[in-house]
Amino acid sequence: MKYQSRKKAILLLADGTIFHGKAVGREGSAFGEVCFNTGMTGYQEIFTDPSYYGQLMVATNAHIGNYGTNAKEIESDSIKIAGLIVKNFSYEYSRDLADSSLQEFLEKHNLLAISDVDTRALVSYIRDNGAMNAVISTEVDDIDKLKETLSKVPDMNGLELASKVSTDKPYFYGDPNATYKISALDIGIKKNILRNLAKRDAYVQVFPYDATFAEMSEWGPDGYFLSNGPGDPEPLHQAIATAKEILDQDSPLFGICLGHQVIALANGISTYKMHNGHRGINHPVKNLISGKGEITSQNHGFAINREETEKHANVEITHVHLNDNTVAGIRMNNKNCFSVQYHPEASPGPNDSTYLFDQFIDNIKKAKVAV
């Protein structure tokens, strides 16, 4: 079989560290920020999540590909990760619902992947030294050339990526006869977010990352949504300005992940790049309002400043991440606005937090009654 004579491949980190492996499919090189996801399932959804754009994904689960892929289990129109690094790659799959192997899926989207990497050692190294730029490559005979090219790859800190994954023009999602109309800013939106909104009797118009408030408000929406997405939130000047105008109008506003960070920036709260970020489907969060714990799906490399949030007169911390006490959710006490740093649509992941979509719809209902 062809995978028994695969080419040698390497993962070269920006600090010069090298991990060895073998090419899964195509040959060549792929550059990006290396990060890891601890999820045991949901690899197809992870690979197609726009929030991962420009990143080399390390799967901590020892076996990847064993249940194949299904055309319906995607979060965008293509694979968004820059490359894949795994321990054991399964060329065969055993799942009735699968319609192709993971190898075929990767080949279709021309993604470079390497396997037979000591991912336990790699993840341990990243945890100690932080996320950094890297390259995976089958060009193992010219390390110096790879190092030179890698040194020119821009750092994720300060990098605007929303424009790379956003829609080019507005589009509608859901039932036109739905009760509620929502304008969503696409800075990397996942399909399952739209599914969750549509399931709650909402008709959504999705707008490009640089849409203005005037454009988003023209069709008379009942509420506004700011999506997840990749990269540093601080360069998203138009999105921040749009969020400020939505807040000035006191319209119902909900933000997830990158949208949560944009809302914080609109309130003068700064963001920062984390040492590793949170990526997985078992992250513990405490809801400070209800006192309940939630197991959450997370994928972010930036967070909002907790000290500044605590000092803000009009912003209240509603959720905290129990592993490191970072801010996982906020709400405004003078506006109809809240946001979370994790993924209540949970694709992949648990469903502990889907109530947040109900909360958003309830906020819209109250606002309509008030008018």
Side-chain angles (χ1 to χ4, degrees), residues 1-4 6-11 19-28 30 32-76 78-127 131 134-138 190 276-283 297-299 343 346-350:
M1 300 179 73
K2 68 177 182 178
Y3 60 83
Q4 291 178 328
R6 292 177 292 144
K7 288 199 67 172
K8 292 180 180 179
I10 62 168
L11 165 67
F19 289 84
H20 296 272
K22 295 181 179 180
V24 167
R26 78 171 182 87
E27 301 173 10
E33 182 187 68
V34 65
C35 63
F36 59 89
N37 187 293
T38 59
M40 297 295 287
T41 61
Y43 53 74
Q44 184 181 348
E45 294 93 331
I46 291 168
F47 302 161
T48 56
D49 181 349
S51 294
Y52 281 115
Y53 184 87
Q55 294 180 313
L56 299 174
M57 173 55 56
V58 182
T60 63
N61 188 12
H63 298 275
I64 297 296
N66 52 305
Y67 60 82
T69 62
N70 183 304
K72 296 180 180 179
E73 295 172 354
I74 57 172
E75 290 301 323
S76 66
S78 64
I79 288 181
K80 292 299 187 292
I81 59 172
L84 175 64
I85 304 142
V86 303
K87 173 61 178 173
N88 300 314
F89 188 90
S90 299
Y91 288 82
E92 288 83 24
Y93 62 92
S94 54
R95 182 190 181 205
D96 290 340
L97 292 177
D99 49 35
S100 69
S101 69
L102 180 56
Q103 181 191 14
E104 292 169 332
F105 186 71
L106 298 181
E107 290 176 348
K108 176 183 177 182
H109 294 280
N110 196 34
L111 188 86
L112 179 62
I114 66 173
S115 68
D116 296 81
V117 175
D118 186 347
T119 51
R120 292 185 68 180
L122 173 57
V123 169
S124 179
Y125 190 86
I126 298 172
R127 287 179 66 90
V135 55
I136 55 176
S137 179
T138 57
K190 292 174 66 178
N276 273 310
H278 296 149
R279 298 176 180 91
I281 59 177
N282 63 345
H283 285 254
S297 176
Q298 302 209 6
N299 168 23
H343 288 270
S347 182

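Position 1 is the first residue of the sequence; numbering continues from there.
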With a 4.5 Å cut-off on side-chain heavy atoms, are [Y] and [X] touching?
X	Y	value
V135	L11	no
E33	L56	no
S115	R6	yes

[atom2] on [Y] to [atom1] on [X], rounded to 0.5 Å:
X	Y	atom1	atom2	answer
L84	I46	CG	CD1	10.0 Å
K80	I74	NZ	CD1	8.5 Å
T119	K87	OG1	NZ	7.0 Å
I79	Q44	CD1	CD	8.5 Å
Q55	N299	CD	CG	6.5 Å
N66	N88	CG	CG	10.0 Å

Evaluate the criterion side-chain contact (heavy atoms from CB on, under 4.5 Å) for residue pair L122 and I126; output intermediate values, then yes/no. CA-CA 6 Å; L122 173 57; I126 298 172; 3.9 Å; yes
Looking only at side-chain N and O atoms, does [Y] offer a donor or acceptor that is under 3.5 Å from a partner on [X]?
X	Y	value
N37	Y43	no
E75	S347	yes
T48	S76	no

Compare every heavy atom of [Y] with every heavy atom of [X], then report the nearest pair and how far apart it is.
X	Y	value
A9	A23	CB-N, 3.8 Å
L106	A113	CD1-CB, 3.9 Å
S101	T69	O-OG1, 3.8 Å
S297	P350	N-CD, 4.2 Å
Y93	Y67	CB-C, 3.9 Å
A59	V86	CB-CG1, 4.1 Å

Could you work out, with side-chain contact (heavy atoms from CB on, under 4.5 Å) as the rule, every residue matching T60, not counting sequence neighbours? F36, T38, V123
For L112, all residues meeting side-chain contact (heavy atoms from CB on, under 4.5 Å), sequence neighbours excluded: R26, A30, I136
Evaluation steps, side-chain contact (heavy atoms from CB on, under 4.5 Å), between T138 and K8: CA-CA 6 Å; T138 57; K8 292 180 180 179; over 6 Å; no
As a quick check of understanding, evaluate side-chain contact (heavy atoms from CB on, under 4.5 Å) for F89 and L102, giving each step before the final call. CA-CA 9 Å; F89 188 90; L102 180 56; 3.5 Å; yes
So, the side chain of [X] versus the backbone of [Y]: is there a donor-acceptor pair under 3.5 Å, distance only?
X	Y	answer
N70	L97	yes
N276	R127	yes
N61	M40	yes

Charged N-O contact under 4.0 Å between K72 and D99: no
Check this for me, if you would: do E73 and R95 make a salt bridge, where the nitrogen-to-carboxylate-oxygen distance has to be below 4.0 angstrom? yes
Are more than 12 heavy atoms, taken from residues, nucleotides or ligands other than H109, located less than 6.0 Å from that residue's NE2 atom? yes
Exactly one of R279, H343, H278 should register a side-chain hydrogen bond (donor to acceptor under 3.5 Å, both in side chains) with Q298. Which one does? H278
